[in-house]
Engineer: 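Have a look at the structure that comes next, please.
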Protein chains: 2
Amino acid sequence: MTVHIIVDEARYTDIMEPVKVRAPSIRDVARIAGVSYQTVSRALNDSENIKSSTKERVLEVVEQLGYRPNQAARALVTSRSRTIGVLTSQVAHYGPSTSLQAIEEAAREAGYLITTTSLATSDYYAITDRLEHLMSQAIEGLVVIAPQVRVFDAIRELDIRIPLVTLDSTGRNDNSSLSVDQISGARLATRHLIDLGHRDIIHLAGPQDWIEAEARMRGFLDEVIEADLNVRAPILGDWTVDFGYHVGRELTRFRDFTAVFAANDQMALGLIHAFRDAGLDVPRDISVVGFDDIPEAAHYWPPLTTVRQDFVEIGRRSIALLLGELGGERNRHHDQISPELIVRDSTAFRR
Amino acid sequence: MTVHIIVDEARYTDIMEPVKVRAPSIRDVARIAGVSYQTVSRALNDSENIKSSTKERVLEVVEQLGYRPNQAARALVTSRSRTIGVLTSQVAHYGPSTSLQAIEEAAREAGYLITTTSLATSDYYAITDRLEHLMSQAIEGLVVIAPQVRVFDAIRELDIRIPLVTLDSTGRNDNSSLSVDQISGARLATRHLIDLGHRDIIHLAGPQDWIEAEARMRGFLDEVIEADLNVRAPILGDWTVDFGYHVGRELTRFRDFTAVFAANDQMALGLIHAFRDAGLDVPRDISVVGFDDIPEAAHYWPPLTTVRQDFVEIGRRSIALLLGELGGERNRHHDQISPELIVRDSTAFRR
DNA sequence: ACGACATATGTGACCGTACACATCATTGTC
DNA sequence: GACAATGATGTGTACGGTCACATATGTCGT
């Protein structure tokens, strides 16, 4: 019995191995349908001049053979890959990953595929390496989410000539860009604290080399200076909740402040945790504002006052911009999305 | 002056327009380097039989021309796309997006690119549509993260013959799979509550059509039945924090339970929020356990008892499995990753 | 000095598709 | 009923690489 099975398997491989299991090509379809390969092509790309009965017959054969057009061949001859590259940092964060998903959906609807590559570190070599990696795939357009400062240098250096959309709030680049107005978002948050009577406000910023972090910091500083408060140097964080917690522990040793504006919700959560550990109540003793309005923010304790960004909209608009450029749109667009202050319970009047 | 510039520009376009700005091909490189295109190919694919001086010269020209091999052409002739497809649901969640990032990194190191497509809904048509979409790109392998039940049906139906790795804890499929042992993870959580003296435990599950949700539910039921407690039908959730909150509000109307095991950390957070709103203290009045151990879980109030999954490891191992199959590994592997119970402050002895 | 052999380089064919153009079939017009 | 106009289909070629094989060059022992 066992022997039989083994023999069977052996015979199987003997027979199967030499048979080229090549996928059916357009010519196979043509032959079976009794037409020329060009006619098959017409049937597939719903061209004008084809009799509907022919088209039907061809599509039947296509179905029957499980024929799939070879994209590589198509890309080769049309020099269109129908692929958009996305360079993103830290996809594991809520914002970028939400935008990424929206981008993928919008791109798919337009018939594009997304190739993603992410940036764990921010060193220049890694950035160029990822960009090269994407470019080698003949992507037709590039979206950069959550960009770091050096990304722009790398793009310039590599002389990337394809349509490019970035989330750039600085406006200092000549590609199309979509900016959530981080500066005004940060100003809203800061102004809110000032309006509540706070005079000693600390800013827990994101990493210096992130464009968004930089913009939020600038918004904070602008507002603080305008209100003529004394300016404290922001603390540079790394976006993580753990970092927020550690900073919070340090800060409680001094208590020379009554409010903190964190550059994202995660760090705000860490801060609140540390303050509570030290016996400080938020918002009674210290007010905390976050940034992003991730879905959990409303359910933190206390529910977090924060600045909402519409990440889905960001993703959609990025692709809309990119498709515009791919469609031959000449001039660069600078779309703006406005963030919104969401007041919850982590902020209160200064006592 | 102005006129001059305009004239110059006009001439520029006149001259430039007809010139095909085609990217340099391997033959261009060959011509300039004074060798045959085959030699260029050898230089690029570091083949054995090439004089190092020739190779050097060729690579210099490659650099100078900014030549990039056309992947479409290469894919066409080798029928290798060097691309791995990833089908993922709800990338915006921490787990999947973390795994995705790890997958991308691991794949990149092995010289593969990742093409992602995500599944917002779970309807069958959407699934086959996405799979078709991926298959049309001639991906060499497929990874399915956070799979839904119907994904397997779709894969079978579409007769997908490429190497496939799924996160499947059921073991009922014949592809290679990687299973975080969700069942034992859920049992750990449930056992922990039972050990604390809880007798009336509610399970807030994930959506029924998710494999992971199903497995966690089974683990919960197994443990409850084994301990001979009366079995309550789990509540089916949707993974979101808002849903957790609403369920929590409903539950407080009855209070015929002392503990809840939520199928993920977000829903656990929502529950806790609702309980607090109703004047119930966690863990004094009600114990809550989550699942995943997202980075924020340790900083929730109270810090959340939960079951840790190593999402990065999941991503890495998936690719390792897939690369194994791509490398000609014959037999299917079923790798297992064990989750771990992390006890924090959201659970306490039943009073 | 010669063949034997290894090393280095060149040539032809092919992968599967789309485009331009050629050809054949059909229809309407006077 | 001849002819142009239009519709439907077929043929040749190019896209940019890799592979298999052919050829040129160099190295060695006898």
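From a predicted model like this one, the values you see are computed outputs, not experimental measurements. Note on naming: letters A, B, ... go to the chains in the order of the sequence lines (proteins, then strands), and numbering restarts at 1 for each one.
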Engineer: Check this for me: does any side-chain nitrogen of one of B:Asp153 and B:Arg156 sit under 4.0 Å from a carboxylate oxygen of the other?
Structural biologist: yes
Engineer: Test: side-chain hydrogen bond (donor to acceptor under 3.5 Å, both in side chains). Region: residues 61-70 of chain B. Which pairs qualify, not counting sequence neighbours?
Structural biologist: A:Glu132-B:Arg68
Engineer: Atom CG in B:Leu158, atom CD1 in B:Ile127: separation rounded to 0.5 Å?
Structural biologist: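 Here the rounded value is 10.5 Å.
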Engineer: Rounded to the nearest 0.5 Å, how far apart are OG1 of B:Thr115 and CG of B:Leu134?
Structural biologist: 7.0 Å
Engineer: Checking B:Asp28 side chain against B:Ser25 main chain: does a donor-acceptor pair fall under 3.5 Å?
Structural biologist: yes
Engineer: Can you check whether A:Tyr37's main-chain N or O pairs, donor with acceptor, with A:Arg31's side chain at less than 3.5 Å?
Structural biologist: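 No, the answer is negative, given that no donor and acceptor are paired below the 3.5 Å cut-off.
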Engineer: Could you list where the contact with chain A starts and ends along DNA chain C, reading 5' to 3', using a 4.0 Å heavy-atom cut-off?
Structural biologist: C:dG16 to C:dA20
Engineer: When you measure from the side chain of B:Glu104 to the backbone of A:Ser118, do you find a donor-acceptor pair of N or O atoms at a distance under 3.5 Å?
Structural biologist: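 Confirmed, B:Glu104 side chain pairs with A:Ser118 backbone.
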Engineer: Under a 4.0 Å heavy-atom cut-off, which of residues 50-59 of chain A touch DNA chain D?
Structural biologist: A:Ile50, A:Lys51, A:Thr54
Engineer: Could you note down all residue pairs passing salt bridge (charged side-chain N to carboxylate O under 4.0 Å, His left out) where residues 313-322 of chain B supplies at least one of them, sequence neighbours left out?
Structural biologist: B:Glu313-B:Arg316, B:Glu313-B:Arg317, B:Arg317-B:Asp335
Engineer: For the backbone of A:Pro96 and the side chain of A:Thr98, can you confirm whether one donor and one acceptor N or O come within less than 3.5 Å of each other?
Structural biologist: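 Between the backbone of A:Pro96 and the side chain of A:Thr98 there is no qualifying donor-acceptor contact (under 3.5 Å).
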Engineer: How far apart are the closest heavy atoms of A:Ala154 and A:Leu131, and which atoms are they?
Structural biologist: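 Minimum heavy-atom contact is CB-CD1, 3.8 Å.
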Engineer: At 10 degrees resolution, what angle do the end axes of the helix from C:dA1-D:dT30 to C:dC30-D:dG1 form when each is taken over five base pairs?
Structural biologist: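 Axis-to-axis angle, ends of the helix: 40°.
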Engineer: Under 3.5 Å, is there a donor-acceptor pair between the side chain of A:Ser99 and the main chain of A:Ser97?
Structural biologist: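 No; zero donor-acceptor contacts below 3.5 Å.
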Engineer: Hey, are B:Glu140 and B:Arg82 close enough for a salt bridge, meaning a charged N less than 4.0 Å from a carboxylate O?
Structural biologist: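 Between B:Arg82 and B:Glu140 there is no salt bridge, as every charged N stays at least 4.0 Å from the carboxylate O atoms.
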Engineer: Heavy atoms under 4.0 Å is the rule here; annotate nucleotides 10-19 of chain D 5' to 3' with B where the base is hit, S where only the sugar-phosphate is, and - elsewhere.
Structural biologist: BBBB-BBBBB
